[in-house]
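Written out below as structure tokens is the structure these notes cover.
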Amino acid sequence: QVQLVESGGGLVQAGGSLRLSCAASGRTFSTYTFGWFRQAPGKEREFVAGITWAGGSILSDSVKGRFTISRDSAKNTVYLQMNSLKPEDTAVYYCAAGRTLPFDKGGYDYWGQGTQVTVSS
């Protein structure tokens, strides 16, 4: 069993930055792929970024060049650094863990409760 707790969301002006954290419980942190997804009101949950157990990462086209995903195995934590934020980045951001391809939303076994990110124009 893996429990995920996100933090770091908030209100920021367009062009600003936020860093989301996802703290994971359990001893199998290093064997999981982690992903960040987001869901805006009235829209489906979409892939944002993912990082494999080996450290390989992938980003969606909409955030490439602005967001970075990383993991710290010593702290059992995955981060999403978000720069140059835009109003269209406003959503609830979810962390997920699983033994799956990073972009495969259906393949994740564990999900956090989500953290709200609001970008004002």
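Atoms considered below: every heavy atom in the structure, side chains included; atoms not considered: hydrogens, waters and symmetry mates.
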S70 vs V78 side-chain heavy atoms within contact, under 4.5 Å | no
Give a yes or no answer on whether the side chain of R71 reaches the backbone of T33 with a donor-acceptor pair at less than 3.5 Å.
-> no
Contacts of K75 that satisfy salt bridge (Lys or Arg N to Asp or Glu O under 4.0 Å) - sequence neighbours left out | none
Closest approach of D89 and R66, non-hydrogen atoms and distance?
-> OD2-NH1, 2.7 Å
Quiz: residues 8-25 side-chain donor-acceptor pairs under 3.5 angstrom, not counting sequence neighbours:
from	atom 1	to	atom 2	distance (Å)
S17	OG	N83	OD1	2.9
S25	OG	Q3	N	2.9

With sequence neighbours excluded, tell me which residues meet salt bridge (Lys or Arg N to Asp or Glu O under 4.0 Å) with R99.
-> none
Non-neighbouring partners of K64 that pass side-chain hydrogen bond (donor to acceptor under 3.5 Å, both in side chains), sequence neighbours left out | D61
Residue pairs involving residues 102-113 (criterion salt bridge (Lys or Arg N to Asp or Glu O under 4.0 Å); sequence neighbours excluded) | none
Contacts of type ring pair (Phe, Tyr, Trp, His ring centres under 6.0 Å), residue F47, not counting sequence neighbours = F37
Can you find a pair of side-chain heavy atoms, one from F34 and one from Y32, that are under 4.5 Å apart?
-> yes
In chain order, what residues pass the side-chain hydrogen bond (donor to acceptor under 3.5 Å, both in side chains) check against E88, with sequence neighbours excluded?
-> none
Determine whether Y110 and Q1 make a side-chain contact, defined as any pair of heavy atoms from C-beta on separated by less than 4.5 Å.
-> yes
Sequence neighbours excluded, which residues qualify as side-chain hydrogen bond (donor to acceptor under 3.5 Å, both in side chains) partners of T118?
-> Q116
Please examine the side chains of L4 and Q113, heavy atoms only from C-beta on, and report whether any two atoms are closer than 4.5 Å.
-> no
Can you tell me if T90 uses its side chain to pair, donor with acceptor, with the backbone of V119 under 3.5 Å?
-> yes
Close side-chain approach of C95 and W111, heavy atoms under 4.5 Å | no
Check whether any side-chain heavy atom of V48 lies under 4.5 Å from a side-chain heavy atom of L80, and answer yes or no.
-> yes
Residues in side-chain hydrogen bond (donor to acceptor under 3.5 Å, both in side chains) contact with S7, at least two apart in sequence or another chain | none
Given the rule in the side-chain contact (heavy atoms from CB on, under 4.5 Å) test, do E6 and Y94 qualify, once you have shown the distances and angles that lead to the verdict?
-> CA-CA 7 Å; E6 302 102 331; Y94 297 90; 4.0 Å; yes
Which residues pass the ring pair (Phe, Tyr, Trp, His ring centres under 6.0 Å) test with F67, sequence neighbours left out?
-> none
Distance-minimising heavy-atom pair for I69 and S57 | CG2-CB, 3.6 Å
Flag yes if more than 12 heavy atoms outside W53 fall under 6.0 Å of its CH2 atom; otherwise flag no.
-> no
Hydrophobic cluster (4.5 angstrom, side-chain heavy atoms) - remaining members for Y79 | none
With sequence neighbours excluded, residues passing salt bridge (Lys or Arg N to Asp or Glu O under 4.0 Å) with E46 | R38
OH-CD distance between Y93 and Q39, expressed to the nearest 0.5 angstrom | 12.0 Å
